[in-house]
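One structure is given below, encoded as structure tokens.
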Number of protein chains: 2
Amino acid sequence: MTRTFAALADPTRLTVVEELMQRGELPAGDLVSHVGMSPPAVSRHLKVLREAGVVTQRADGTKRYYRVAPESMRAIVDWTIAHRSFWEASLDRLDAILAEEGGAHNE
Amino acid sequence: MTRTFAALADPTRLTVVEELMQRGELPAGDLVSHVGMSPPAVSRHLKVLREAGVVTQRADGTKRYYRVAPESMRAIVDWTIAHRSFWEASLDRLDAILAEEGGAHNE
DNA sequence: TTAATACTTAACGGTTTACTTAATTAACGA
DNA sequence: TCGTTAATTAAGTAAACCGTTAAGTATTAA
């Protein structure tokens, strides 16, 4: 889990992941021009994401197409769900306090 | 968002956060004995978590009680939800493939 | 086979991270 | 006030991270 979080802890990598989720699949070159950084730098970031299982690579000719591995996103969702009882309850309580302050009750 | 992920990208800090979510609230000292590290090291980790908004601190006498800020967990949930259409669709498709392979359909 | 394209790996330097022990601050009790 | 407990900040060091340019690999096309 820490490896997944570490992969998303860098602004460039987070941008790449969000771009890939929006566009579906992109070659490394497109990501280079999108993040405005040297190809080697982007290549290293992609390697980190790959080794963390956040993205997968597909080769076609000289191009390497990348896409986000949905399982990795699911892993994050699952982690939050595993501790849902904590933050859900806490936020419900917060909601209740705010509602009471506001003078209204959401039953 | 990267700051939150970075805070959770360290094994010691993730352990601390999970422990705090389970137990609700703990003084720094309890976390020190739980993670088996020197007090200064844990203190620095707690500072990182605090500055990332992942935990909050409450002073009582000489003790500093820590708890997880539910908003930070919610922020992660919201981030996954913002991109849900991507990973949900992808995994549904995967589910469909697996279901077909298994010979069964989950309507 | 030679050249061009797409990308990765190598090598290097500067910054950040994460631990250690030692020193410091703050609150409480005798 | 003095000493103890709880925690933080200071200082120092080794490792990891992130960017660059230069060099290498592989695929396509002339």
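Each chain gets a letter, A, B and so on, in the order its sequence line appears, and its residues count up from 1.
Near-neighbour residues of DNA chain C inside residues 54-63 of chain B, defined by a heavy atom below 4.0 Å, number-ordered: B:G61, B:T62. Proximity of residues 17-27 of chain B to DNA chain D (heavy atom under 4.0 angstrom from any strand atom) is restricted to B:P27.
For B:R84, the salt bridge (Lys or Arg N to Asp or Glu O under 4.0 Å) partners at least two apart in sequence or on another chain are B:E88. Shown here are the side chain to side chain donor-acceptor pair (under 3.5 Å) partners of B:R23, two or more places apart in sequence or in another chain: B:E19. By the side-chain contact (heavy atoms from CB on, under 4.5 Å) test, B:S85 is found to be paired with no residue, residues two or more places apart in sequence or in another chain being considered. Taking A:R58 as the reference, A:E25 meet the side chain to side chain donor-acceptor pair (under 3.5 Å) condition, with sequence neighbours excluded. Under the side-chain contact (heavy atoms from CB on, under 4.5 Å) criterion, A:T62 pairs with no residue, sequence neighbours left out. Every side-chain contact (heavy atoms from CB on, under 4.5 Å) that A:S38 has, sequence neighbours left out, goes to A:P40, A:A41.
Across the protein-nucleic acid pair, A:L46 atom CG and D:dC18 atom P stand 13 Å apart, rounded to whole Å. Rounded to whole angstrom, the span from the CG atom of A:D30 across to the C1' atom of C:dA6 amounts to 11 Å.
Within the structure, salt bridge (Lys or Arg N to Asp or Glu O under 4.0 Å) pairs that include any residue of residues 32-43 of chain A do not occur (at least two apart or interchain). Screening residues 4-38 of chain A for ring pair (Phe, Tyr, Trp, His ring centres under 6.0 Å), with sequence neighbours left out, gives A:F5-A:W79, A:F5-B:F5.
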Would you list the atom pairs, donor with acceptor, under 3.5 Å between side chains in residues 42-53 of chain B and any protein atom, with sequence neighbours excluded?
unit_1, atom_1, unit_2, atom_2, d
B:H45, ND1, B:R13, NH1, 3.1
B:R50, NH2, B:Y66, OH, 3.2

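An OP1 or OP2 oxygen of C:dC7 is reached within less than 4.0 angstrom by no side-chain nitrogen or oxygen of A:Y65.
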key: Contact letters for nucleotides 9-19 of chain C, in which S counts primed atoms plus P, OP1 and OP2 and B counts the base, heavy atoms under 4.0 Å   = B--------SS
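Contact between B:W87 and B:T80 at its shortest, heavy atoms only, is NE1-O, 3.1 Å.
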